[in-house]
There are 2 protein chains.
Amino acid sequence: MNVITEQKQRQRAPSKRSLETRMRIFDAAEQIFAAHGFDAATIRDIAALAGVQGALVHHHGGSKEALFAAVVARRAAALSGARTAALTALQAKGDVTLRGVICCFTHPFLDRVLGGDPGWMAYGRLIAYVSADDRWRAIASQHFDPTAKVFLAAFAQVLPGASQARLAAALVYMVSGMLSLCASRWRIDDLSGQGDDTEDLVQMFTDFSEAGFRRAVQG
Amino acid sequence: MNVITEQKQRQRAPSKRSLETRMRIFDAAEQIFAAHGFDAATIRDIAALAGVQGALVHHHGGSKEALFAAVVARRAAALSGARTAALTALQAKGDVTLRGVICCFTHPFLDRVLGGDPGWMAYGRLIAYVSADDRWRAIASQHFDPTAKVFLAAFAQVLPGASQARLAAALVYMVSGMLSLCASRWRIDDLSGQGDDTEDLVQMFTDFSEAGFRRAVQG
DNA sequence: GTCTATAATGAGATAGAC
DNA sequence: GTCTATCTCATTATAGAC
């Protein structure tokens, strides 16, 4: 008996059909979690939207919590990669400014989430939930803290003399604004009494963050 | 038969004991809703914390949603009053500056929520939930929009020429930062790798907001 | 991998005694 | 006003046929 053939726990590679089903389930979970939050979302809703039976959701996603974590993780790697790549490119050009570092952090997120793709739009609301709730602290730490620390180092370079605490606080304020720009545009519309232009909002959010960052880290 | 004696639906004034029980239930609901969010919170948890039976929670609070709305409403009036009073006092002095208007909006909230009172601390997290979730849009509109519009008018005075859309967006960014300062201090601590000083955080948040506001509303 | 059927649990809400 | 007991419903998760 050949041991090699048994060394992998999974005997066969997943079929193409299986992978497609899994993606449908993850996409559906992303939409439902984003629309209702973790607790109000039900496996039944997710299964119905994916067009499968509830048992299949458990088969592919495990428990409800594991499914939630998997949905968050799925796009987190792509996002972190885009952010650090942009920062690396900026540093390679030798043209590192505060605004440049800010844009390397915000644009990979805003471009995707405001770009109209339903998956990324849902992901934006999902991240707003994750960031706001202490309960998902572990998920937030795992997926976002490493990148955040890389950017804190970059911010420290362009804003020498600023304390870690102030840089961290400014970054958190900026992120909360970025998330509210994606998840709470209805509030902006309600208060301004009119629709708004996405490009203008992004532009002024960047202005807001840059000026705030620069002012806040001063002693 | 005297019609007068029946014109009120509630025949007797609530007893002192009843009012105390009601307050205990509302306080417990405030804590549980803040700790777990609306859906993960249960009437049973609230009843247990208040030291009463579940049926009594329904008696005083009505449905779960009505109880949630009542808990939010309870402190909202006091907060709005403090904000508009501070603004009125500032205007009476004739010393209206951007930073002054910002402080009239943020300090009544931050003083209470960061002041150590458990009820107000819970309320801060609760408002973070309400502001982030489309589901509570009606509650947010009812309790916060009127005050927000008063302040938008004041911001327009100290920042003439700014569009309503930009002022509204800047206010939303500021509010989201204020809420994350209360609800997500653990993120700041995690990223900075150290504890932080509350006064310093408030100071630099105000700096951040003032500079952001001023810069963002420029064309 | 996919499905049906169901187990096991816990939820919000209410009726009615006191 | 308060409590006990219970109703009704929806949930996650799993067992086992195909």
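Numbers restart at 1 for each chain; the letters A, B, ... are given by sequence-line order, proteins then strands. As a basis for the values below, the full set of heavy atoms in this structure was taken, side chains included, without hydrogen atoms, waters or symmetry mates.
- Between A/Phe151 and A/Phe155, the ring planes are tilted. Angles from 30° to 60° get that label.
- In this structure, A/Asp39 atom CG and C/dG10 atom C1' are separated by 13 Å, rounded to whole Å.
- Taken to the nearest 0.5 Å, the CG atom of A/Leu191 stands 12.0 Å off from the CZ atom of B/Phe144.
- Of the candidates C/dT2, D/dT14, C/dG12, C/dG12 carries the atom nearest the B/His58 side chain, counting heavy atoms from C-beta on.
- Distance check: A/Asp189 CG to A/Asp196 CG gives 4.0 Å after rounding to the nearest 0.5 Å.
- Closest approach of A/Arg125 and A/Ala34 over heavy atoms only: NE-O, 3.6 Å.
- Remark: P of C/dT2 and CD1 of A/Ile25 are 7 Å apart, rounded to the nearest angstrom.
- Residue A/Ala140 comes nearest to B/Arg187 through the heavy atom pair CB-NH1, 3.3 Å, listed as atom of the first residue, atom of the second, then distance.
- For the OP1/OP2 pair of C/dT2 and a distance below 4.0 Å, the side-chain nitrogens and oxygens of A/Thr21 include at least one atom meeting the criterion.
- At whole-Å resolution of the value, CD in B/Glu65 and P in C/dG12 are 12 Å apart.
- What separates NE2 of B/His59 from C1' of C/dG16 is a distance of 14 Å, to the nearest Å.
- Residue A/Ser18 has its side chain nearest to C/dG1 when only C/dG1, D/dC3, D/dG1 are considered.
- As judged by a 4.0 angstrom heavy-atom cut-off over every strand, B/Ala41 is placed among residues touching the sugar-phosphate backbone only.
- D/dA13 atom P lies 10 Å from atom CG of A/Leu67, rounded to whole Å.
- At least one side-chain nitrogen or oxygen of B/His60 sits closer than 4.0 Å to the OP1 or OP2 atom of D/dT2.
- Among the heavy atoms of the strands, none lies under 4.0 Å from A/Ala47.
- Closest contact between the side chain of B/Leu56 and the listed nucleotides D/dT2, D/dT11, C/dG12 involves D/dT2.
- Taking atom CD of residue B/Gln53 and atom C1' of nucleotide C/dA13, one finds them 15 Å apart after rounding to whole Å.
- Helix-axis bend for the helix from C/dG1-D/dC18 to C/dC18-D/dG1: the local axis fitted to the five terminal pairs at one end deviates from that at the other end by 0°, rounded to 10°.
- Side-chain contact between A/Arg137 and B/Asp190 is present, with at least one heavy-atom pair separated by less than 4.5 Å.
- Distances shorter than 4.0 Å separate none of the side-chain N or O atoms of A/Arg44 from OP1 or OP2 on D/dA10.
- The listed nucleotides are D/dC3, D/dA15, D/dT11; the one nearest the side chain of A/Thr42 is D/dT11.
- Using a 30° and 60° split on the angle between ring planes, A/Trp136 and A/Phe38 fall in the perpendicular class, above 60°.
- Note on B/Arg17: only backbone sugar-phosphate atoms sit closer than 4.0 angstrom, heavy atoms only; bases stay farther off.
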